[in-house]
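Note on naming: letters A, B, ... go to the chains in the order of the sequence lines (proteins, then strands), and numbering restarts at 1 for each one. Keep in mind that this is a model prediction, so the values were computed, not measured.
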Amino acid sequence: MEDTEPLRYHPADIEQRWQQRWLDDGTYEIDNDDPRESRFVLSMYPYPSGPAHIGHVRNYTFGDLLVRYNTMQGRGVLSPIGFDSFGLPAENAAIKSGEHPRPFTDGKIEELSSSLRRIGAVYDTRRTIKSHDPAYMKWNQVFFQKFYEAGLIYRTEAPVNWCPGCHTVLANEQVVDGLCERSDDPVEKRNLEQWFCRITAYAQELLDDLDDLEWPDRVKLMQRNWIGRSEGAEFGLPIAAADGTARSDVEPLMVYTTRPDTSFGMTFAVMSPEHPRVDELTTDDQRPLVEAFRQEVANRSEIDRLSTSGEITKRGIATGSHVVNPFTGKPIPVFLADYVLITYGTGAIMAVPGQDQRDWDFAAAYDLPIVRTVAPPDDFDGEAFTGDGPAINSEWLDGLEVTEAKAKAIDWLVDQGIGEHKINFRLRDWLFARQRFWGCPIPMVYCQNECGIVAVPEDQLPIVAPDDVEFRASGENPLLHHEKFLNTTCPNCDGPAKRETDTMDTFVDSSWYFLRFCDPWNTDEPFDRAAAEKFMPVDQYIGGIEHAILHLMYARFFTKALADLGYTPKDLREPFERLFTQGMVRMGGSKMSKSKGNTVAPEDFINDHGADSLRLAILQAKPPAEDVDFEDFQLEGCERFLNRVWRLAATDPELIKNIRSGATTATDNEIDAAAHRLIDRVTGEYERWAYNTAVAGFMEFTNTLYKYVQSDEGANDETLSFAVDTLLRLMAPAVPHISAELWAMRHDDEHIHELTWPTADPAKLVVSEVTMIVQINGKLRDRIDVAAEITESDAEAMAMASPKVQAQLDGATPKKVIVRAPNLVNIVA
RNA sequence: GCCCGGGUGGCGGAAUGGCAGACGCGGCGGAUUCAAAAUCCGCUGCCCGAAAGGGCGUGUGGGUUCGACUCCCACCCCGGGCACCA
């Protein structure tokens, strides 16, 4: 029977054994006083949804390779894992089954951990943390209160996004095209009193600090767009009296613009339908129409309102009142329009149809005057002109270019005392609370006497939701009906108080977990400052592009806020020094998901073929940053390759028949040099995430060794031994089980992952002979083997002497000869 | 609309101004075998040619260069992000 053949590769036998040994030996545990140079390698906090899917496997394979590679480089690598275990799926399951989310979640964590272990991913398992662990929740709650004290968290009424499907409010970042990113339900705008986090206080720093991060440009760009800084002027438009003159007895209407230079072309003004001064600025004869318009806008869904289609005349209405353009002194009408947003700037704009296409369309529909204030080029045939050019029709701005005109207009506004230079951000404050059960409770109470909102004292934290709750089909938070939880006493006055039943957005949990990993045992503090100083920032963060905005923005904000609150060193401004965003695994072109039923179970493959084959196939398939289709994994080829390595390294006598000892031949030396070149190559490829070509390198070298051992000359024992050992050491981070097993077989149970990374002998990287290519007019005509140190003139002479060149030239004299000795000669004929 | 990323054999991909197609998959042929699987070896961009050899070839068109998959300009197609932000 083949199965009993000792030299066969049987992954199932060896993988479990090595996984156990890595745990037992604590190979990847690191203490806080570890003397080695430290490296923090982290894969994004996974939501525990059950056994790993193929996307997880890809992500954690890349992370694991880096952990093992850096460890072999002699660094002390912090490689922790945790579980982002709060969230809606567990609560929705609870609603269906009636079972509490905790056992459900613990079960999923068990499944995911076991999968990670089975793919050979190694962690310091002593440091594992979970969001729903009260020991972790406590610090969320402490931070909430510190933020509240510092004014970074506040409670206010505001128009917020409400998802009826998830029965909770959502952050702006969780609304995609007017739909809930989780449930795809249309999101409604509701005016609710809510907890907000003042992330906008850090808007400028969040923007500036992007510059120094080694992150993909794409992610930085997405963050910049999301923060959306714009620079301009905010100023008042005086309300016009009946005769068109400016009234000084009422507040002017404030507007924000990025183009103060075009103010002379302002021929009307527009307010958001939700603007608080609409009533005041509506004339009696227009009031019925304005009211109808506001009602109509209020009834329209967010998605309708976002759509750019639809009759422009249906999108606005005149208020009947006028304001004065302070630049021209002339009265201009005030409109309402649904495209002006109450949440941005002042909720009112000056309209300059000559320089803004939307204003142009509106002006055309309402027959309003259009005045150009920037001269378009002669060949311009469009409508609104948004480009640069000299100012016209603008009195004292005429002739100035846009930049100068802006500055002068702002100076004038300041001189007149009616406006100022103003920077605006698109970024909004983070809506921090959710009306759901399975999250971290917000540690505040509402005093029924006079104290108002009161923080629960730290010695009473963490507040953990009770287990005896009844889940409702509506998704309504069961805490609302749990009298025992709800009713408490005010920490201030001992009077009756109601507990806050909202929980924190689960993005809070993932906003500082990397800091907790530095010191997860701490019971007195969220983490020790010195521990954070030692390991932070994360040297290499790995995760999906889908977190480009949400998680990465919140974690950056938390890091800055915690530094300013003194939890971390003041200069720790950024959590993730280097970010790598790996591509997604797709099935037949579409994203894999459980609901589409197109997932493949990595566990099944591992059972039959082993984790190393799967890891290798993932590494080989595509550059890590790119999306990959599961069908493109070449699982059989990779398994075949590992078998080839096995036969070679286990010295299968059928394969290796002809072994010599003693002095080395030219062939032996070439094999030896190839091994050194491979070290050089693979090291570079690991450094730059070129894992697919590193795998190609392993395969090429193995092919070379196969030819070597099967040649008539045979293989030198020492040369072969070094070559195979080198191959195993280079493969150890990529396919850890087979590499470890073969190394232990060959080296008396030595542990390959505790060895240091091989280094190439520079002397052996020098080549003595190269293939010089000879071109005529850039086309390849001949190849000649030459000495590496050949002179330019010798190279040219050899090229010219080539019979193929002579035949092509056919007696003609070359116009010019380009020589790049020893690699190339190009003859220009 | 604006902003990114990409377009290379039958397929996944390699090649950071110098041999296009490394490596793998697939295909074809051979060895081994009673036979098959497995394994090992060889060939495999397209066209012409018996061969030697030649021509063509990296989305399209132009440009820079002795030389372009690579740099520049324009366009086409695919993927992604932002999208009434004043």
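Following rounding to the nearest Å, A:Leu678 (CG) and B:C23 (C1') show an atom-to-atom distance of 13 Å. Whole-Å rounding puts the A:Ile342 CD1 to B:C85 C1' distance at 13 Å. Put simply, CE on A:Met222 is 7 Å from P on B:G81, counting in whole angstrom units. Taking atom CE on A:Met584 and atom P on B:G79, their separation rounds to 13 Å, with Å as the unit. Spacing between atom NZ of A:Lys779 and atom P of B:G54 amounts to 12 Å, rounded to whole angstrom units. The separation between A:Glu796 atom CD and B:C66 atom P is 16 Å, rounded to whole Å. Rounded to an integer number of Å, the gap from A:Glu626 CD to B:G7 C1' is 12 Å. Distance CD (A:Glu654) to P (B:C41): 14 Å, rounded to an integer number of Å.
Inspection of the A:Ser711 and A:Glu713 side chains reveals no N or O donor paired with an N or O acceptor under 3.5 Å.
Within the shown strands, nothing qualifies as a pairing partner of B:G9 under the Watson-Crick or G-U definition with both distances less than 3.5 Å. With a 3.5 Å ceiling on both atom-pair distances, the Watson-Crick or G-U wobble partner of B:C82 is B:G1. Remark: B:C56 base-pairs with B:G45; criterion is Watson-Crick or G-U wobble with both hydrogen-bond distances under 3.5 Å. In this structure, B:G17 makes no Watson-Crick or G-U wobble pair, since no nucleotide meets both defining distances under 3.5 angstrom. With a 3.5 Å ceiling on both atom-pair distances, B:C69 lacks any Watson-Crick or G-U wobble partner. When Watson-Crick and G-U wobble pairs are counted only if both distances are under 3.5 Å, B:U33 pairs with no nucleotide at all.
B:U58 and B:G53: their C1' atoms are spaced 25 Å apart (whole Å). The P atoms of B:C41 and B:U32 are separated by 15 Å, rounded to the nearest whole Å. Rounded to whole Å, the separation between the P atoms of B:U65 and B:C72 comes to 16 Å. Taking the P atoms as reference points, B:C69 lies 12 Å from B:G21, given to the whole Å. Comparing B:G1 with B:C47, their P atoms sit 41 Å apart, to the nearest whole Å. The P atoms of B:A20 and B:G67 are separated by 15 Å, rounded to the nearest whole Å. Nucleotides B:U70 and B:G18 have their P atoms positioned 11 Å apart, rounded to a whole Å.
The phosphate of B:A83 has OP1 or OP2 within less than 4.0 Å of a side-chain N or O from A:Arg426. When the side-chain nitrogen and oxygen atoms of A:Thr771 are compared with OP1 and OP2 of B:C19, none of them lie within a distance under 4.0 Å. Put simply, A:Gln808 has a side-chain N or O that comes within less than 4.0 Å of OP1 or OP2 on B:G54. Residue A:Arg647 places at least one side-chain N or O under 4.0 Å from the OP1 or OP2 atom of B:C40. OP1 or OP2 of B:G24 has at least one side-chain nitrogen or oxygen of A:Asn703 nearer than 4.0 Å. The side chain of A:Arg820 places no N or O atom within less than 4.0 Å of a non-bridging phosphate oxygen (OP1 or OP2) of B:C66. In this model, the phosphate group of B:A86 is approached by a side-chain N or O of A:Tyr344 to a distance below 4.0 Å at OP1 or OP2. Residue A:Arg640 places no side-chain N or O under 4.0 Å from the OP1 or OP2 atom of B:A38. Here A:Gln620 does not reach the OP1 or OP2 of B:C23: none of its side-chain N or O atoms lies under 4.0 Å away. Not one side-chain nitrogen or oxygen of A:Lys622 sits closer than 4.0 Å to the OP1 or OP2 atom of B:G12.
Looking at the side chain of A:Arg781, the nearest of the listed nucleotides B:C23, B:C3, B:G55 is B:G55. Looking at the side chain of A:Gln710, the nearest of the listed nucleotides B:C41, B:C23, B:G18 is B:C41. Comparing B:C23, B:A20, B:C40 against the side chain of A:Leu780 picks out B:A20 as the nearest. The side chain of A:Val828 sits closest to B:C66 out of B:C66, B:A14, B:C85. Relative to the side chain of A:Ala696, the nucleotides B:A22, B:C3, B:C66 differ in distance, and B:A22 lies closest. Minimum atom distance to the side chain of A:Leu221 is reached by B:C3, of the listed B:A22, B:G18, B:C3.
Judged by distance alone with a 3.5 Å cut-off, a donor-acceptor contact links the side chain of A:Arg783 to the base of B:C19. If you check distances only, the side chain of A:Asn826 does reach the base of B:C66 with a donor-acceptor pair under 3.5 Å.
Of the possible donor and acceptor atoms, none in the side chain of A:Arg58 sits under 3.5 Å from a partner among the backbone N and O of A:Ile618. A:Asp429 places a side-chain N or O within 3.5 Å of a backbone atom of A:Thr200 that can act as its donor or acceptor partner. Side chain of A:Lys406 to main chain of A:Gly232: no donor-acceptor pair is present (N/O by atom type, distance under 3.5 Å, no hydrogens or angles).
Mapped onto RNA chain B by nearest heavy atom, A:Phe425 and A:Ala621 fall at different nucleotides, with A:Ala621 at the one closer to the 5' end. Remark on RNA chain B: of its neighbouring residues A:Lys816 and A:Pro623, the 5'-side contact belongs to A:Pro623, judged by nearest-heavy-atom nucleotide.
Using a 4.0 Å heavy-atom criterion, one finds that A:Tyr706 contacts the sugar-phosphate atoms exclusively. At the heavy-atom level, A:Gln357 lies nowhere under 4.0 Å from the strands shown. Residue contacts shown for A:Lys707 are limited to sugar-phosphate atoms, with no base heavy atom under 4.0 Å away. A:Gly345 comes within 4.0 angstrom of nothing in the nucleic acid, heavy atoms only. Contacts of A:Leu824 with the nucleic acid, taken as non-hydrogen atoms under 4.0 Å apart, include base atoms.
Ring geometry for A:Phe633 against A:Phe630 counts as perpendicular: the plane angle is over 60°, on a 0 to 90° scale with 30° as the lower cut. Classification of the A:Phe362-A:Phe268 ring pair by plane angle, with boundaries at 30° and 60°, yields parallel.
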side-chain contact (heavy atoms from CB on, under 4.5 Å) evaluation trace for A:Leu336 with A:Thr319: CA-CA 7 Å; A:Leu336 302 188; A:Thr319 62; 3.8 Å; yes
List the steps, then state whether side chain to side chain donor-acceptor pair (under 3.5 Å) holds for A:Glu231 with A:His421. CA-CA 8 Å; A:Glu231 204 167 343; A:His421 174 244; 2.9 Å; yes
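Contacts between residues 680-695 of chain A and RNA chain B, defined by a heavy-atom separation under 4.0 Å, are made by A:Asn692, A:Thr693.
Of the candidates A:Asp261, A:Thr257, A:Thr262, A:Asp261 is the only one forming a side chain to side chain donor-acceptor pair (under 3.5 Å) with A:Arg259.
Using a cutoff of 4.0 Å between basic side-chain nitrogens and carboxylate oxygens, A:Arg644 and A:Asp652 are not scored as salt-bridged. Ion pair A:Glu700/A:Arg681 flagged as a salt bridge, since at least one NZ, NE, NH1 or NH2 atom sits closer than 4.0 Å to an Asp/Glu carboxylate oxygen.
Nucleotide B:G9 is shown with a syn base, its glycosidic torsion being within 90° of 0.
Around the CZ atom of A:Arg277, the shell of radius 6.0 Å holds more than 12 heavy atoms that belong to other residues, nucleotides or ligands.
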